[in-house]
Amino acid sequence: MEIPGNDKRSLNFIEAIIEEDLKNNKNESRVHTRFPPEPNGYLHIGHAKSICLNFGLAEEYNGLCNLRFDDTNPEKEEQEYVDSIKEDIRWLGFEWNGKPLFASDNFDQLYQWAVKMIKNGKAYVDDQPQEMIAEQRGVPTRPGVESPFRNRAAEENLDLFERMKNGEFPNGAKVLRAKIDMTSPNMHLRDPIIYRILHEEHHRTGKKWCIYPMYDYAHGQSDYIEGITHSLCTLEFEIHRPLYDWFLDQIAEGSYRPRQIEFARLNLSYTVMSKRKLLQLVKEELVNGWDDPRMPTISGLRRRGFTPQSIRAFADRIGIAKRDNVIDVGLLEFSVREHLNQIAPRVFAVLDPVKVIITNYPEGQSVKMELDNNPENPEAGKRKVPFTREIYIERNDFMEDPPRKFFRLGPGREVRLKGAYIIKCEDYKKDENGKITEIYCTYDPETRSGGSGANRKVKGTLHWVSVPHAIEAEVRLYDRLFMDEDPDGHKDKDYREFINPDSLKVVKNCKLEPSLKSAKPDDKFQFQRLGYFCVDKDSTAERLVFNRTVPLRDSWAKKNR
RNA sequence: UGCCCGAUGGUGGAAUUGGCAACACGUCUGACUCUGGAUCAGAAGAUUCCAGGUUCGAACCCUGGUCGGGCAACCA
């Protein structure tokens, strides 16, 4: 896949580590990464950053990248999510190594290794209730105290652990803990829990297990089993790394070791990125599902009209580093404009139509005007657009009393109809509310595009649609979902308070040029002078529905802000 | 008041041996334009968190601070 803007650049800190490892022939100079989502929600643009990183590194260094579902918590995980995750990764243009993998594939091995740790005196069964364990763990500034069950004999631990597995105890009755150091300044080293009892059916292993491993235990071991060399995760796991390494030391043989490296997660202005909050938006119907075009989910961006290339270019541009960041959502918009500008056919669509009657144009005459499909790409060819005496133009392309800098239509003013003629406004009609109902113009036959008088200059160029040929459509105009740059960043206010009431405007009865008749869901266009739009999946042959992906840059609007 | 991590234009983010503070987005000019788009040309914007130190020379090394983030689920 060709990614725009992907020029050569200096190495990010992870590439620097990899090149160092390669130089030292670490792990036989293999590069093997993995993308490890928990199937408990839909992927979002932050995951796209991680996907591009992990799969991108594998491509860059001739390595492999696994897809591994981190499915150690049967209470929250569902098949629907694994399906959507696979679809999103493929849509971004990546293919994982072999089959999709699951942490749950490793449950037997994980159990065996736990037994080994017990035998080595590195793990024990604790009978205490959750609250007691939490209390004994202490707080970051004070050491914890040891559990009274900490020094049980290995045989007893073995017996108890097996009976846990056999389902002899109810949820929460016992846990298996690593025996590390209750006084460690790192909370994660204070005898962390390895297994808990959960009588819960698992989406893949069914009823086979009633004990499930915790993340810290399952993750590194899965990396080890899969031969992962560089295990990339976000910053909040930094403090887990000593535990990651500790577990590996208990089970690993030989010199091969995966290495955990942390990078800063993506934050985007004017949106929220936590799965919990995105789930909440969906559940509370604040948006219309996970793929609502206002959502920062990959499925939402896809429906909004983003291309995989634009998301990849975005991921390239934001870089990889360790400090917290907030990326301006404008950069994402730039990336999609950049790509769509190259590939989107130009068409005429009038969203808020007002009728123009060209009084000196023959009634009943219809002429096909030839227009470029995409001036950026001559190979896109040309199309014919019918022109007649009555056309629609955009309501805001006319002003009764326009300022000097308004390069559009007004009484006595001239304007170019793109691909057709220069017209002059002679008169207009209003209804009793003062709303413009019709505009009367004359045209200059010499000024037809490509014709003898065509190079006469006028200030403005308008898009238009022939009245008798116009087809109607619904257009959905999206704006950012939140009005605040950091909706999540207010201690005293819930992020939902910042939801933008105008984030979706549905405009009906828009007038489109007839070539759009055959447009199919996901087709992308530039509605000339307005923005980039795509056909929504709600669209049918009878009722076309378009989503606005992003408006064109508009220096006129900006000047008037 | 413990441990871990971070700090470079408005936003990201380079500077790979201690040697001219890249680049991108954004902003502003101008040119061009049958999209007020795109494109092209240019500009502004940085005491590299602070204070000391080492050095001919420090964003980078040392010392001490400051500020920000993270860590106390039988979540991941």
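By convention in this document, chain letters (A, B, ...) are assigned in the order of the sequence lines, proteins followed by strands, and residues within each chain are numbered from 1.
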Query raised in the report: Looking across every strand, which nucleic acid part, if any, lies under 4.0 Å from A:Pro551 by heavy atom: base, sugar-phosphate, or nothing?
Result: nothing
Query raised in the report: Is a salt bridge present between A:Lys424 and A:Asp444, judged by a nitrogen-to-oxygen distance below 4.0 Å?
Result: no
Query raised in the report: Any side-chain N or O of A:Lys275 less than 4.0 Å from the OP1 or OP2 oxygen of B:C75?
Result: no
Query raised in the report: Can the ring centres of A:Phe533 and A:Phe525 be said to be less than 6.0 Å apart?
Result: no
Query - Ring-base stacking, A:Trp556 with B:G36 (5.5 Å, 30° cut-offs) - result: yes
Report each atom pair, protein N/O against N/O of nucleotides 20-22 of chain B, whose distance is under 3.5 angstrom.
none

Query raised in the report: Is A:Arg416 near enough to B:U35 that one of its side-chain N or O atoms lies under 4.0 angstrom from OP1 or OP2?
Result: no
**Report entry** Touch class at under 4.0 angstrom, heavy-atom based, for A:Phe237 against every strand present
**Finding:** base
**Report entry** Sugar-phosphate only, base, or nothing, as touched by A:Ala16 at under 4.0 Å among non-hydrogen atoms
**Finding:** nothing
Requested in this report: Assess A:Lys418 against A:Phe348: is NZ or CZ under 6.0 Å from the centre of the six-membered ring, and within 45 degrees of the ring's axis?
Outcome: no
Query raised in the report: Which listed nucleotide (B:G36, B:U16, B:U35) is nearest to the side chain of A:Pro375?
Result: B:U35
Report task. May I ask you to verify if any side-chain N or O of A:Thr72 is less than 4.0 angstrom from the OP1 or OP2 atom of B:C75? Result -> no
Requested in this report: Please list every stem that involves RNA chain B, where a stem is a run of 3 or more consecutive Watson-Crick or G-U wobble pairs with both pairing distances under 3.5 Å.
Outcome: B:2-7 with B:66-71, B:10-12 with B:23-25, B:27-31 with B:39-43, B:49-53 with B:61-65
Requested in this report: List the steps and the verdict of side chain to side chain contact (heavy atoms under 4.5 Å, CB included) for A:Thr271 and A:Ile45.
Outcome: CA-CA 11 Å; A:Thr271 193; A:Ile45 182 76; 6.0 Å; no
Query raised in the report: A:Arg529 side chain N/O closer than 4.0 Å to the phosphate oxygens (OP1, OP2) of B:U33?
Result: no
Query raised in the report: A:Ile320 near the nucleic acid: base, sugar-phosphate alone, or nothing, with a heavy-atom cut-off under 4.0 Å?
Result: sugar-phosphate
Report task. Measure centre to centre between the rings of A:Phe237 and A:Tyr244, then say whether the value is under 6.0 Å. Result -> no
Query raised in the report: So, A:Arg241 and A:Glu262, do they make that salt bridge, N to O below 4.0 Å?
Result: yes
Report task. Could you check how far CD of A:Glu131 sits from C1' of B:A73, rounded to whole Å? Result -> 12 Å
Report summary line: Ranking B:A76, B:G36, B:C25 by distance to the side chain of A:Tyr215, first place goes to B:A76
Report task. Would you confirm whether the ring centroid of A:Phe314 sits within less than 6.0 angstrom of the ring centroid of A:Phe306? Result -> no
Query raised in the report: If you check the A:Asn12 side chain, which of B:A14, B:G70, B:G6 turns out closest?
Result: B:A14
Requested in this report: Check whether the ring centres of A:Tyr215 and A:His219 lie less than 6.0 Å apart, and answer yes or no.
Outcome: yes
Atom pairs under 3.5 Å: protein N/O with N/O of nucleotides 30-32 of chain B:
none

Query raised in the report: Looking only at side-chain N and O atoms, does A:Arg317 come under 4.0 Å of OP1 or OP2 in B:G13?
Result: no
Query raised in the report: Could a donor-acceptor pair under 3.5 angstrom be found where the side chain of A:Glu19 meets the base of B:U16?
Result: no
